Amino acid sequence: QTQLVESGGGSVQDGGSLRLSCAAAGYTRRSKCMGWFRQVPGKQREGLAAIYTGGGPPEYADSVKGRFTMTQDNSKDMVFLQMDRLKPEDTAMYYCAAEGPTSFTARTGYTCGLIPNYTIWGQGTQVTVAS
């Protein structure tokens, strides 16, 4: 059974940093789309970053581009989200997801989407940014 476990959430001040981790257990498929999402109560889940673990650069939402960085460690089947210059509006529950839709073009290679139609989800980790 595949599981995703997030960690690294917490409370920080405006302008601070946090690093989220996501460990995938029970996986046999090595190349897949993995993404980071967040959700505030009463709002839709928002895609932040995604990466095709078989290779290629991560994709970012405009709201976090330049502040958040998604990386991977395939040897441990983990992905990370480094969040810098955090703002109060970044306060949300953050989720890791796997098995997202994959697209391929000769120009861009494999890419993943930021729409929350991924198959596997973690339990979430809370991030709170105080002003």
Side-chain angles (χ1 to χ4, degrees):
Q1 182 178 356
T2 301
Q3 283 187 313
L4 300 177
V5 179
E6 304 101 331
S7 60
S11 297
V12 295
Q13 294 293 315
D14 189 357
S17 297
L18 283 173
R19 185 182 189 231
L20 305 183
S21 300
C22 174
Y27 243 113
T28 57
R29 181 179 171 185
R30 303 308 300 177
S31 296
K32 55 192 175 285
C33 280
M34 293 194 71
W36 285 100
F37 297 79
R38 68 185 178 191
Q39 190 167 22
V40 175
K43 293 191 175 181
Q44 289 188 333
R45 192 163 291 188
E46 176 189 10
L48 304 176
I51 194 168
Y52 183 69
T53 61
E59 306 150 53
Y60 297 99
D62 289 341
S63 59
V64 303
K65 198 174 293 183
R67 299 189 299 123
F68 291 10
T69 304
M70 184 174 186
T71 56
Q72 61 180 358
D73 183 342
N74 283 347
S75 67
K76 299 179 181 178
D77 216 353
M78 294 185 70
V79 293
F80 307 92
L81 188 68
Q82 176 66 40
M83 305 186 294
D84 299 318
R85 291 184 282 140
L86 283 161
K87 307 173 183 179
E89 52 263 44
D90 293 318
T91 296
M93 184 70 78
Y94 283 68
Y95 297 90
C96 173
E99 297 292 353
T102 306
S103 300
F104 178 85
T105 69
R107 182 177 66 86
T108 64
Y110 287 99
T111 56
C112 306
L114 296 177
I115 298 173
N117 54 351
Y118 284 49
T119 302
I120 302 170
W121 292 84
Q123 81 287 353
T125 185
Q126 178 68 36
V127 171
T128 302
V129 185
S131 57

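From a predicted model like this one, the values you see are computed outputs, not experimental measurements.
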Derivation and outcome, side chain to side chain contact (heavy atoms under 4.5 Å, CB included), residues Trp36 and Cys96: CA-CA 5 Å; Trp36 285 100; Cys96 173; 3.9 Å; yes

Stepwise side chain to side chain contact (heavy atoms under 4.5 Å, CB included) test for Glu99 and Leu4: CA-CA 11 Å; Glu99 297 292 353; Leu4 300 177; over 6 Å; no

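Side-chain atoms of Glu59 come within 3.5 Å of backbone N or O of Cys112 as a donor-acceptor pair. In this structure a side-chain-to-backbone donor-acceptor pair under 3.5 Å is missing from Ser21 to Ser7. At distances below 3.5 Å, at least one donor-acceptor pair connects side-chain atoms of Gln123 with backbone N or O atoms of Glu6.
Put simply, Val79 and Ile120 are part of the same group of oily side chains (I, L, V, M, F, W, Y) that touch within less than 4.5 Å, one to the next.
Contact annotation: the side chain of Leu20 approaches that of Val127 to within less than 4.5 Å [non-hydrogen atoms, C-beta and beyond]. Counting heavy atoms from C-beta on, the side chains of Met83 and Val12 never come closer than 4.5 Å. Residues Lys32 and Asp77 meet the side-chain proximity criterion, which asks for heavy atoms closer than 4.5 Å.
Taking each heavy atom of Gly122 and Tyr95 in turn, the nearest pair found is O-CD2, 3.6 Å.
Among residue pairs with one or both ends in residues 53-80, none qualify as ring pair (Phe, Tyr, Trp, His ring centres under 6.0 Å); sequence neighbours excluded.
Under the side chain to side chain donor-acceptor pair (under 3.5 Å) criterion, Gln3 pairs with no residue at all, not counting sequence neighbours.
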Please tabulate, for the side chains in residues 84-94, all donor-acceptor contacts under 3.5 angstrom to protein atoms that are two or more places apart in sequence or on a different chain.
unit_1	atom_1	unit_2	atom_2	d
Asp84	OD1	Ser17	OG	2.8
Asp84	OD1	Gln82	NE2	2.9
Arg85	NH2	Gly66	O	2.6
Asp90	OD1	Arg38	NH1	2.8
Asp90	OD1	Arg67	NH2	3.0
Asp90	OD2	Arg67	NH1	2.7
Asp90	OD2	Arg67	NH2	3.4
Asp90	OD2	Lys87	N	2.7
Thr91	OG1	Pro88	O	2.9
Thr91	OG1	Val129	N	2.9
Thr91	OG1	Val129	O	3.4
Tyr94	OH	Arg38	NH1	2.9
Tyr94	OH	Asp90	O	2.6

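Classification of the Tyr118-Phe37 ring pair by plane angle, with boundaries at 30° and 60°, yields perpendicular.
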